[in-house]
Amino acid sequence: MKINQISLFAENKPGHISAPARLLAQEGIDIRALFLADSQHFGIVRMIVSDWQKAAAVFEAHGFVVKVTEVLAVEVPDHPGGLADVLGALDGSGINIEYMYAFPYPRGDQAILIFRFADPDAAIAQLQTAGINLLASDELLK
Amino acid sequence: MKMNAILETSAADCHPASVRDYTPLPELRALQLQRVQAVVARAWDHVELFRSRMDERGLVPEDIHSLDDIAKLPFTVKSDLRDTYPFGLFASPMKDVVRLHVSSGTTGKPIVVAYTSDDVSVWTSVIVRCLAGCGLHRGDILQNAYGYGLFTGGLGAHYGAEALGATVVPTSGGNADRQIMLLKDFGVTAICCTPTYFLHLIDRAAELGVDLKQLPLRAGVFGAEPWTESMRRHIENKSSIEAFDIYGLSEIIGPGVACECRRHQGLHIFEDHFYPEIIDPDTGEALPEGTEGELVLTTLSKHAMPMIRYRTRDITMLLPDRCQCGRTLRRMGRIGRRSDDMLIIRGVNVFPSQVESALLQIEGTLPNYQIVLTREQGLDQMEVRVEVTPHMFNDQIGALQGLQARIQSALDHVLGIRVQVALVEAYSLERSQGKAKRVIDRRTS
């Protein structure tokens, strides 16, 4: 259920995202989802890629500071209220979302929500109880 | 008498070259006087700049009757080497010069230093004495990660280590993964490099899952940049080595001017070759033992490029007592700072070493950092740029902002002035010869 997400530290300057993007292109690694979290001076590039181990190795070899974190991918119907239903399943459970981002699914009318939870195992149990579909890594990347 | 002194030391110290370290004082002082008279005469005969400065003072070499008379001699400063670039201070014809080294110039022209074959022998012998004093001997495997090439560090340490009888692994700087692999695979017992570079190796070894404490590595000889006691503690905690401070500068000979012995209470100056004085950096007046000031060195045996009263800009003191190790050589305190390291920011004195200890306290590791000074609307601004290490990186903005705030408040507290902190990408800060470039001053006065 847990998906390995790659995060990179990047200074908030022109051109600082293009170097990692080029590296992935050279290695033939596909970016499935990307989210840029930024503050005034620096940012964190979070990515879900087709081969996270290879991506982490390539980045490290090129001097990037890399972190691999486990996130959950939740499939929701791509219509009004889809997100509210998922979040509703977590209400009252005391489970804290550290961050999240969303992207549309390339096939069909589904959207994917990526969640980083402080306690992913508790979140998995809670979401599954509520009948919410969590995607496994191979499903997300196929 | 000499034998007694040697017996006080550990067996590991007893390399034949170390006998010189125990020369009885009257003999040592007599040798220094004889040598200083010779070197002043040599510089007078062959170096125009020196002779003209002696003329201005109405001095001739025969005016040196005692070691105290050295204080009458004119100083030599770094800009003299630049102004006479490349060969203006040489006292030997080029046919007698067997080696040239070039020191990285941060501004303008670099400086060139020259060695005759005898000079190289002296250099080699002082490195042997440094390493022997660190308890190294034949049978040790020494990885020399000082840069080889124009920089004096690599070749200087190399020849000395070979002459000691150690097995030298000349890795030069860079390629941390390979350094760590060789440390492990060769069973390396000692390493020479800049302290900053060893900190980097500690961090990288941890990332690679190599426990330095499990390796036979037992001694590190660190120099070429000032470092602190807190760095020593950190290094000794993270590895099983005993860390030694070695001091030197290209203008004098390169590494090997002074080095710690196993007592770690100051660095013994190889006084038979280098005559130390401490002066007030503002007035140039000589200061007594035990008083902090600028270190001034005179080379006593250099042929190709004698240096008379060279102002090192390094701030230290001569320690008043004899070392318990039995060496008669005087000791200088560790160099914590340089007189030209001191930054005056909005009227407050700031030393890069203060920034360093603040960073060490917060992270428990020393990330690469750089101080950038600018002036905005007449006000000095100080920014400290810190490279994010894997150890520091967290993929949540809030956590990184928290780290930034902690660094900021520690710096504000230690320095007493407001500074900006910027987290920057790994390997993005400039380095030269493995030495971190700590300060960039963009203030125009």
Side-chain angles (χ1 to χ4, degrees), chain A residues 2-21 23 33-49 52 55-72 96-101 114-120, chain B residues 173-178 180-181 197 200-201 203-210 363 365-370 372 374 381-408 419-431 436:
Chain A
K2 294 174 193 164
I3 314 270
N4 288 304
Q5 171 192 257
I6 301 259
S7 300
L8 296 181
F9 179 83
E11 284 170 59
N12 210 345
K13 284 182 185 166
H16 279 238
I17 308 294
S18 64
L23 279 174
L34 183 143
F35 184 77
L36 192 60
D38 69 320
S39 72
Q40 196 185 348
H41 299 291
F42 59 82
I44 297 167
V45 188
R46 301 183 185 128
M47 289 176 273
I48 292 176
V49 296
W52 67 271
V58 167
F59 286 139
E60 274 172 3
H62 285 81
F64 286 91
V65 174
V66 180
K67 185 127 193 148
V68 177
T69 32
E70 290 179 336
V71 294
L72 300 183
N96 188 33
I97 302 170
E98 293 193 333
Y99 56 78
M100 65 159 294
Y101 51 101
I114 302 291
F115 285 97
R116 165 80 179 155
F117 291 104
D119 182 351
Chain B
N175 201 340
D177 291 12
R178 192 180 56 192
I180 291 161
M181 182 188 85
Y197 191 63
H200 174 57
L201 292 182
D203 290 344
R204 188 62 194 152
E207 284 167 41
L208 296 172
V210 175
E363 275 310 302
T365 166
L366 187 67
N368 256 301
Y369 71 93
Q370 195 168 58
V372 181
T374 51
Q381 307 291 332
M382 174 171 167
E383 183 181 65
V384 177
R385 297 182 175 168
V386 181
E387 280 186 6
V388 170
T389 61
H391 169 76
M392 289 156 67
F393 183 46
N394 184 299
D395 93 321
Q396 290 179 53
I397 291 280
L400 286 179
Q401 282 173 331
L403 172 70
Q404 192 174 11
R406 281 201 308 282
I407 295 175
Q408 170 127 19
V419 302
Q420 302 293 319
V421 172
L423 299 180
V424 301
E425 289 165 19
Y427 307 105
S428 64
L429 299 177
E430 198 180 335
R431 289 164 176 76

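Reminder, nothing fancy here: chain letters follow the sequence lines and each chain counts from 1.
Between the CE atom of Met392(B) and the OG1 atom of Thr389(B) there is a distance of 5.0 Å, given to the nearest 0.5 Å.
Side-chain contact check for Leu423(B) versus Glu387(B): every heavy-atom pair is 4.5 Å or farther apart.
Contacts with chain B (heavy atom to heavy atom, under 4.5 Å) involve these residues of residues 13-21 of chain A, listed by number: His16(A).
Taking the side-chain contact (heavy atoms from CB on, under 4.5 Å) definition, one finds that Asp177(B) meets it with Asn175(B), Arg204(B), Leu208(B), sequence neighbours left out.
Both the backbone and the side chain of Ala426(B) come within contact range of chain A, each with at least one heavy atom under 4.5 Å from a heavy atom of that chain. Contact annotation for Phe9(A): both backbone and side-chain heavy atoms come within less than 4.5 Å of a heavy atom of chain B.
Ion pairing of Arg385(B) with Glu383(B) is present here, as a side-chain N (NZ or NE/NH1/NH2) and a carboxylate O approach within less than 4.0 Å.
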Which pairs of donor and acceptor atoms, one on a side chain in residues 33-42 of chain A, lie under 3.5 Å apart (sequence neighbours left out)?
unit_1   : atom_1 : unit_2   : atom_2 : d
Ser39(A) : OG     : Phe42(A) : N      : 3.4
Ser39(A) : OG     : Phe42(A) : O      : 3.1

What donor-acceptor contacts under 3.5 angstrom involve side-chain atoms of residues 61-72 of chain A, with partners at least two apart or in another chain?
unit_1   : atom_1 : unit_2    : atom_2 : d
His62(A) : ND1    : Val58(A)  : O      : 3.0
Lys67(A) : NZ     : Phe393(B) : O      : 3.4
Thr69(A) : OG1    : Gln5(A)   : NE2    : 3.1
Thr69(A) : OG1    : Asp395(B) : OD2    : 3.4

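Using cut-offs of 30° and 60° on the angle between ring planes, the pair Phe117(A) and Phe115(A) is parallel.
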